[in-house]
There are 2 protein chains.
Amino acid sequence: MADIARRAENRYGNRPTMKDVAARAGVGLKTVSRVVNAEPGVTADTERRVQEAIDALGFRRNDSARVLRKGRTASVGLVLEDLADPFYGPLSRAVEEVARAHGALLINGSSAEDPGREQELALALCARRVDGLVVIPAGDDHRYLEPEIRAGVATVFVDRPAGRIEADTVLSDSYGGARAGVAHLIAHGHRRIGFIGDQPRIHTAVERLRGYRSAMADAGIPVEDAWMSLGTTVPERVRVAAEAMLSGPGAVTAVFAGNNRVTVTVVRVLAERSRPVALVGFDDLELADLLVPGLTVIAQDAAQLGRTAAERLFRQLDGGSRTPERIELPTRLITRGSGEIPPAD
Amino acid sequence: MADIARRAENRYGNRPTMKDVAARAGVGLKTVSRVVNAEPGVTADTERRVQEAIDALGFRRNDSARVLRKGRTASVGLVLEDLADPFYGPLSRAVEEVARAHGALLINGSSAEDPGREQELALALCARRVDGLVVIPAGDDHRYLEPEIRAGVATVFVDRPAGRIEADTVLSDSYGGARAGVAHLIAHGHRRIGFIGDQPRIHTAVERLRGYRSAMADAGIPVEDAWMSLGTTVPERVRVAAEAMLSGPGAVTAVFAGNNRVTVTVVRVLAERSRPVALVGFDDLELADLLVPGLTVIAQDAAQLGRTAAERLFRQLDGGSRTPERIELPTRLITRGSGEIPPAD
DNA sequence: CTGAAAGCGCTTACAG
DNA sequence: CTGAAAGCGCTTACAG
């Protein structure tokens with residue numbers, strides 16, 4: 001009695017198993033398995049009897065048990081920074097679509113830009129034996145994944161490269177994009193151009209800053225330290241940074257914003273000021289074309305990033321290419337007004 | 001030989017198991033289990049030997065197998081419409097955070113507003129034996145979940161109610177929100193007000209239309225059929241609907257947009273016109289305050305919706321309240337300019 | 001403190 | 001066409 005009660009509360013309710021179905025249909029376990037999996041070699045009559053028992057009992061195969069024997073779990077993990085960030089939604093959706101096409105489910109989790117949490121999440125997914133892992137790294141040391149990869153977990157890094165291990169990586173051309181964006185500002189007459197980016201431990205932030213420096217160097221413009229600011233993307237920090245470089249006699253006449261979070265805050269800061277300042281942002285925003293002036297951006301394709309990574313992942317699982325590759329997707333300059341404002345003086 | 005090869009390619013690579021660890025450490029299986037699960041009753045020396053074997057072999061416990069015995073999978077499923085929609089990102093993230101606090105992982109999938117796909121996804125999650133399911137329904141008949149719920153799968157519906165079954169539900173006050181938004185337009189002198197919403201089979205679309213009608217009735221304004229348009233939220237459809245009600249002698253002087261997708265397109269349409277038209281949108285948008293004029297909206301808290309639903313889910317799992325409840329969260333009018341534009345004539 | 005046996009719900013490999 | 005036995009990698013319930 002106690003045993004039955006415990007069973008009912010601890011286990012999956014008290015779901016019928018193949019054994020229950022077999023008993024009710026008066027057949028062997030294997031026959032039920034055949035029917036459930038639509039395998040050949042069952043007479044129509046037997047099949048009907050089994051199907052009736054399945055319906056009567058409300059049987060649903062426990063895929064969790066199936067997985068234990070089969071090997072593959074038909075699930076992939078996605079570790080990203082924040083599911084609520086509009087950049088990662090489309091990326092995640094794209095990974096999901098590819099997974100779905102391969103019959104796999106997607107488990108995703110947010111690292112909140114915390115390397116410890118990234119590792120914890122990634123390893124928890126490995127313990128669940130996901131077939132593969134798509135990682136947008138928060139940390140810069142991924143040696144903790146080496147045993148997992150060796151054990152057969154397919155792995156692809158997206159948006160930022162893996163740290164200290166060799167792995168498939170899919171990136172946007174941050175360097176080239178930022179370079180093109182800053183060159184665009186220079187072409188419109190600016191020489192005093194500010195750069196506000198994410199924290200320096202984040203690869204894309206560093207690459208975009210490198211693009212900025214390169215464009216400035218190409219134009220022969222010496223860069224002042226006061227024009228560059230890397231740090232968290234919380235509005236307060238970005239606001240302070242923007243206001244600092246927009247003030248005083250050596251104020252910048254244009255700003256390059258390093259990502260979508262930064263851009264949003266910079267747009268707010270500029271909206272409060274009377275003197276027009278040019279702005280180009282990395283990443284497109286939903287209503288960018290409806291702002292006044294329209295927002296000029298370097299757009300990257302988040303969905304394409306996710307799709308490419310997921311396809312790469314399943315190629316690994318299908319036994320394809322085992323040599324890590326680095327894929328870089330192009331960015332695109334979209335001019336809408338804010339980046340074409342001439343210098344104030 | 002062939003057997004070893006097959007094993008290596010089909011199974012999880014060839015990961016060491018507790019048995020391997022036990023053999024290497026020269027102890028029994030149960031002792032390894034004790035160490036791995038930090039159970040008491042192991043001498044320091046034995047523990048060290050086991051730990052060494054674990055490290056040397058790169059052992060990681062297979063949670064997939066553990067789950068089979070334990071009963072609970074420590075995972076919950078989230079079925080939503082589209083992970084790429086900015087409304088669902090924060091909702092999903094909130095569910096994830098609550099799940100994480102309860103030690104559970106989140107598997108999510110997009111129904112793409114297709115009832116068949118919603119069902120397929122939800123049942124696939126049940127087959128994986130998720131402990132609970134948070135569903136943003138696409139369909140209006142959820143009787144297919146009855147056997148699962150009876151078998152112990154915790155279930156909560158969010159954003160839209162369940163169809164034809166009793167279940168916990170967490171909604172925003174669509175009716176009240178729309179009513180308040182339309183009343184706001186009326187208070188600013190409008191009488192010819194248009195409503196553009198999502199498809200009529202979607203609960204929130206119908207509720208918001210009901211709120212519109214109610215506010216109009218309260219003000220004694222007879223509503224004309226030409227002022228109301230329900231349908232898909234693809235830009236082309238919304239554009240045609242908006243242009244139709246904004247044209248001709250009986251053109252509306254204000255529009256209430258039924259959700260974020262609709263609002264975005266209506267803003268675009270209005271931006272192209274010379275005569276100012278008032279607009280209130282259901283759902284807030286990221287840059288709403290920076291548009292000119294600022295966008296007046298009825299805001300709902302997507303994260304709070306997700307959080308409330310997830311907490312409700314875990315309360316069910318903890319054996320709490322088994323009588324389905326319906327929770328309705330309030331909305332909030334945020335005035336920014338577009339809703340305060342007076343009628344043109 | 002330690003471990004052998006049974007079992008979770010399936011599939012695999014084999015035999016009839 | 002059908003099914004009994006073994007096993008996937010763990011945990012549970014016991015016994016020493």
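Every chain is numbered from 1, with letters handed out A, B, ... down the list of sequences.
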Look at all strands and tell whether [X] reaches a base, only sugar-phosphate, or nothing, counting heavy atoms closer than 4.0 Å.
{"X": "B/D63", "answer": "nothing"}
{"X": "B/V27", "answer": "sugar-phosphate"}
{"X": "A/R34", "answer": "base"}

Over how many whole Å does the gap from [X] atom [atom1] to [N] atom [atom2] extend?
{"X": "A/M18", "N": "D/dG7", "atom1": "CE", "atom2": "P", "result": "20 Å"}
{"X": "B/D20", "N": "D/dG9", "atom1": "CG", "atom2": "P", "result": "8 Å"}
{"X": "B/K30", "N": "D/dT12", "atom1": "NZ", "atom2": "C1'", "result": "7 Å"}
{"X": "A/R66", "N": "C/dC8", "atom1": "CZ", "atom2": "P", "result": "20 Å"}
{"X": "A/R129", "N": "D/dG9", "atom1": "CZ", "atom2": "P", "result": "9 Å"}
{"X": "A/K19", "N": "D/dA5", "atom1": "NZ", "atom2": "P", "result": "13 Å"}
{"X": "A/K70", "N": "D/dG7", "atom1": "NZ", "atom2": "P", "result": "19 Å"}
{"X": "A/R128", "N": "D/dC8", "atom1": "CZ", "atom2": "P", "result": "22 Å"}

Considering every strand shown, what is the Watson-Crick or G-U wobble mate of D/dA4 when both distances are under 3.5 Å?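 Answer to the pairing question: none, since D/dA4 forms no Watson-Crick or G-U pair.
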Does any nucleotide pair with D/dA13 by Watson-Crick or G-U wobble geometry, both distances under 3.5 Å, and what is it?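 The answer is none; no pair meets the criterion.
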Taking B/D168 as the fixed residue, which of B/R326, B/R315, B/Q316 is the one that meets the side chain to side chain donor-acceptor pair (under 3.5 Å) rule?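 Checked B/R326, B/R315, B/Q316 against B/D168; only one passes side chain to side chain donor-acceptor pair (under 3.5 Å): B/Q316.
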Within the pair [X] and [N], is there a side-chain N or O less than 4.0 Å away from OP1 or OP2?
{"X": "B/T31", "N": "C/dG3", "answer": "yes"}
{"X": "B/S33", "N": "D/dT11", "answer": "yes"}
{"X": "A/T46", "N": "D/dT2", "answer": "yes"}
{"X": "B/T43", "N": "C/dT2", "answer": "yes"}
{"X": "B/N62", "N": "D/dC8", "answer": "no"}

Classify the ring geometry between B/F314 and B/H102 as parallel (under 30°), tilted (30 to 60°) or perpendicular (over 60°).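 The arrangement is parallel - the two ring planes meet at less than 30°.
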Check: C/dG7 base within 3.5 Å donor-acceptor of B/R69 side chain: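 Between C/dG7 and B/R69, which were checked side chain against base, a qualifying N/O pair under 3.5 Å is present.
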Lys/Arg-Asp/Glu bridge criterion (N-O < 4.0 Å) met for A/E39, A/K30: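 Answer for the salt bridge query: yes.
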Ignoring hydrogens and geometry beyond distance, is a side-chain donor-acceptor pair present between B/S92 and B/E96 at under 3.5 Å?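 No, no side-chain donor-acceptor contact under 3.5 Å.
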Strictly by modelled atom types, are A/R48 and A/Q51 linked by a side-chain donor-acceptor pair under 3.5 Å?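 Per modelled atom types, A/R48 and A/Q51 side chains form no pair under 3.5 Å.
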